[in-house]
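One structure below.
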Amino acid sequence: MPANAEYIAGFKQWRQNLDKDDRWCIMINADPDALASAMALKRLMLHKVHSVDIMRINEVTRPDNLAMIRYLRIPVKPWQPEKAGQFNRFGMVDSQPAHNKAFAGLSYDLIIDHHPLTDLTGAVGPAIFCDIRPGVGATSTMMTRFLQALRVRPSPRLATALLYGIRTDTAAFERSGGEDDLRAYQWLSHHADTGLLRRIIRSEYLRAWLPLFSRAFRTLTDCRGGGAHATLNEINSADLLVAIADFFTRVHGLKWIAVSGIVDKTVIVIFRGDGGRDIGRLADACFYDVGTAGGHRNLGRAEFPLSAVPEGVKPADFVQQRLQTRKLRPKPQPPAPAPEPAQIAAKA
């Protein structure tokens, strides 16, 4: 049986075993792919359980994401840990428990994600349905396949959300995405509201961001390997770094870009690339020893505390130095082989 068929069969079985009395909470780190996937999961659980709430652990500040929630009427609420007792089942889409400390302390009965597998020890329940496929471009693609397999026709709003989720995570198939993503996108196109999609896509920047774009242009500095670094210093949200990094990917001849800033005493560096090199590996090589870093071939991210910057050094200069003097994470040394019995006897 092909791998996809196994996942679909497993999901069908999991769905059949849902309990009418269960109160579900779908946890997400809200972005278009996560929002759309949560919408689809809620649709597939409709009439099978008592209730399904979608909870986000992050603030939504990007204008396109806000437009998506508004125009598609996505019922997402901020997560409040003190209200965890209201639910007896937890699920997660487009993320994994180890991705954010806000996900900790819960036992998950469902995880659907397209990011590389992390350690799930202690975070999953006995009846877990787990579908983690890093080879897929978007979790929205995986959810679309479940809709198709169960012969559930998405509403125009749900189809538009899933379409936008695939579009953003694959950068309209410029950054990633394969045959499965393309087929899902084509199928959804027949059910989506193209007018709503255009309104969401055009809501990409806030006017208040324009002075910060100007600062990024002024600080743009070349790096070896055909890349560049821009810094914004202190900002309110990392979403601005993402928007500026995505903008710079349209500059001809720029192979990769790193945009850094400080959010609540945490230095965040957003990486984007043209596919010529593994950007996630580059992010890891630059900052693995001071914080968390990694990503995919075309995009990456690093975060580390401001306290990791040496005293007297500007954070922007620290990031620039790391980008110039990067070195790969050392490979773990294999354990020394156990001595042969003859060697032990000789030593005795």
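Given the structure is predicted, the values throughout are model-derived calculations rather than measurements.
Here the CD1-OG distance, from Ile112 to Ser95, works out to 13.0 Å after rounding to the nearest 0.5 Å. The distance from atom CG of Asp94 to atom CD1 of Ile111, rounded to the nearest 0.5 Å, is 12.5 Å. Note that OG1 of Thr141 and CG of Leu182 are 9.5 Å apart. Values are rounded to the nearest 0.5 Å. The structure places CH2 of Trp209 at 5.5 Å from CG of Leu240, a figure rounded to the nearest 0.5 Å. Considering NZ of Lys77 and CG of Asp53, their distance stands at 4.0 Å, rounded to 0.5 Å. In this structure, Met55 CE and Gln86 CD are separated by 7.0 Å, a value rounded to the nearest 0.5 Å.
Each of Phe87 and Ile26 belongs to its own hydrophobic cluster when Ile, Leu, Val, Met, Phe, Trp and Tyr are linked at side-chain heavy-atom distances under 4.5 angstrom. One hydrophobic cluster holds both Val242 and Ile257 under the rule that ILVMFWY side chains link at heavy-atom gaps under 4.5 Å. Ile166 and Leu44 fall within the same hydrophobic cluster, where Ile, Leu, Val, Met, Phe, Trp and Tyr residues are linked whenever their side-chain heavy atoms come under 4.5 Å apart, directly or through other members. With hydrophobic clusters built from ILVMFWY side chains whose heavy atoms lie under 4.5 angstrom apart, Leu110 does not share a cluster with Ile132. In this structure, Ile69 is a member of the same hydrophobic cluster as Leu41, with clusters built from ILVMFWY side-chain heavy atoms closer than 4.5 Å.
What you find for Asp222 and Gln320 is that their closest heavy atoms are O-NE2, 3.5 Å. Taking all atoms of both residues into account, the shortest heavy-atom contact from Leu163 to Ser189 is CD1-OG, 3.7 Å. Looking at every heavy atom in both residues, Phe129 comes nearest to Gly10 through CE1-C, 3.5 Å. Considering every non-hydrogen atom in both Gly227 and Leu254, the closest pair reads C-CD1, 4.0 Å. Closest heavy-atom contact between Val52 and Met45: CG2-CB, 4.1 Å. Here the closest non-hydrogen pair linking Val124 and Ser107 is C-OG, 3.5 Å.
For Glu82, the CD atom sits in a packed shell: over 12 heavy atoms of surrounding residues, nucleotides or ligands are nearer than 6.0 Å. Counted within 6.0 Å of CZ on Arg207, heavy atoms from surrounding residues, nucleotides or ligands total 12 or fewer; the atom is thus considered open. Around the CG atom of Asn17, the shell of radius 6.0 Å holds more than 12 heavy atoms that belong to other residues, nucleotides or ligands.
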Practice item. Would you check, one step at a time, whether the test side chain to side chain donor-acceptor pair (under 3.5 Å) holds for Thr139 with Ser37? Key: CA-CA 6 Å; Thr139 305; Ser37 298; 4.7 Å; no

Practice item. Carefully, step by step, assess Asp64 and Ile201 under the rule side-chain contact (heavy atoms from CB on, under 4.5 Å). Key: CA-CA 6 Å; Asp64 51 344; Ile201 293 171; over 6 Å; no

Practice item. Evaluate side chain to side chain donor-acceptor pair (under 3.5 Å) for Gln80 paired with Lys83, printing each intermediate quantity in order. Key: CA-CA 6 Å; Gln80 297 176 290; Lys83 295 185 178 180; 3.2 Å; yes

Exercise for review: Walk me through it: do Ile200 and Leu72 pass the test side-chain contact (heavy atoms from CB on, under 4.5 Å)?
Suggested key: CA-CA 9 Å; Ile200 295 168; Leu72 302 182; 4.0 Å; yes

Practice item. Tell me, with the steps shown, if Val152 and Arg43 meet side-chain contact (heavy atoms from CB on, under 4.5 Å). Key: CA-CA 9 Å; Val152 176; Arg43 171 63 184 85; 3.5 Å; yes

Check your understanding: side-chain contact (heavy atoms from CB on, under 4.5 Å) between Leu18 and Arg89: does it pass, once the steps are laid out?
Key -> CA-CA 10 Å; Leu18 289 173; Arg89 300 289 182 186; over 6 Å; no

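Remark: side-chain polar atoms of Thr219 are paired, donor with acceptor, to backbone N or O of Thr231 under 3.5 angstrom. Checking side-chain atoms of His114 against main-chain N and O of Gly137 turns up a donor-acceptor pair under 3.5 Å. Although no hydrogens or angles enter the test, the distance criterion places a donor-acceptor pair under 3.5 Å between the side chain of Tyr108 and the main chain of Phe103. In terms of modelled atom types and a separation under 3.5 Å, the side chain of Ser214 and the main chain of Leu210 share no donor-acceptor contact. Formation of a donor-acceptor pair under 3.5 Å by the Arg224 side chain with backbone atoms of Gln324 is found in this model. Judged by distance alone, the side chain of Arg56 and the main-chain N or O of Asn58 form a donor-acceptor pair under 3.5 Å. A distance-only check finds a donor-acceptor pair linking the side chain of Asp33 to the backbone of Ser140 [under 3.5 Å]. A donor-acceptor contact shorter than 3.5 Å links the side chain of Asp181 to the backbone of Gly178. A donor-acceptor contact shorter than 3.5 Å is absent between the side chain of Arg23 and the backbone of Ser51. Gln96 contributes a side-chain N or O that, together with a main-chain N or O of Pro116, makes up a donor-acceptor pair within less than 3.5 Å.
For the pair Asn298/Thr249, no side-chain contact is recorded, criterion being any heavy-atom separation below 4.5 Å from C-beta on. Under the 4.5 Å side-chain criterion, counting only non-hydrogen atoms from C-beta, Met39 is not in contact with Leu162. Thr61 places none of its side-chain heavy atoms less than 4.5 Å from the side chain of Asn236. Met68 places none of its side-chain heavy atoms less than 4.5 Å from the side chain of Val60. Here the side chains of Lys12 and Arg15 are not in contact, with every heavy-atom distance at 4.5 Å or above. Looking at Pro97 and Leu120, their side chains come closer than 4.5 Å, going by heavy atoms from C-beta outward. Proximity of His115 to His296: side-chain heavy atoms (C-beta onward) are separated by under 4.5 Å at one or more points. Using a 4.5 Å cut-off on side-chain heavy atoms (C-beta onward), Val93 and Met142 make no contact.
Checked options Thr144, Leu147, Leu188, Ile74; the residue passing with Leu158 is Leu147 (criterion: side chain to side chain contact (heavy atoms under 4.5 Å, CB included)).
Residue pairs meeting the ring-ring contact (aromatic ring centres under 6.0 Å, His included) criterion with at least one member in residues 218-251, sequence neighbours excluded, are Phe213-Phe247, Phe217-Phe247, Phe217-Phe248. Residue pairs satisfying the ring-ring contact (aromatic ring centres under 6.0 Å, His included) criterion with at least one member in residues 176-197, sequence neighbours excluded, are listed as follows: Phe173-Tyr185, Trp187-His191. Counting only residues at least two apart or in different chains, ring-ring contact (aromatic ring centres under 6.0 Å, His included) contacts with residues 19-49 comprise Trp14-Trp24. Legend: ring-ring contact (aromatic ring centres under 6.0 Å, His included) pairs involving residues 133-153, not counting sequence neighbours, sorted by first then second residue: Phe11-Phe146.
Scored by the side chain to side chain contact (heavy atoms under 4.5 Å, CB included) test, Arg151 finds no partners at all (sequence neighbours excluded).
Using cut-offs of 30° and 60° on the angle between ring planes, the pair Trp79 and Phe90 is perpendicular.
Between Arg157 and Asp193 no salt bridge is recorded (no basic side-chain N to carboxylate O distance below 4.0 Å).
The other residues sharing a hydrophobic cluster with Trp256 are Ile262, Val267, Val269, Phe271, Ile279, Leu282, Phe287, Val290, Phe304, Leu306, Val309, Val313, Phe318, Val319, Leu323, where clustering joins ILVMFWY side chains under 4.5 Å apart.
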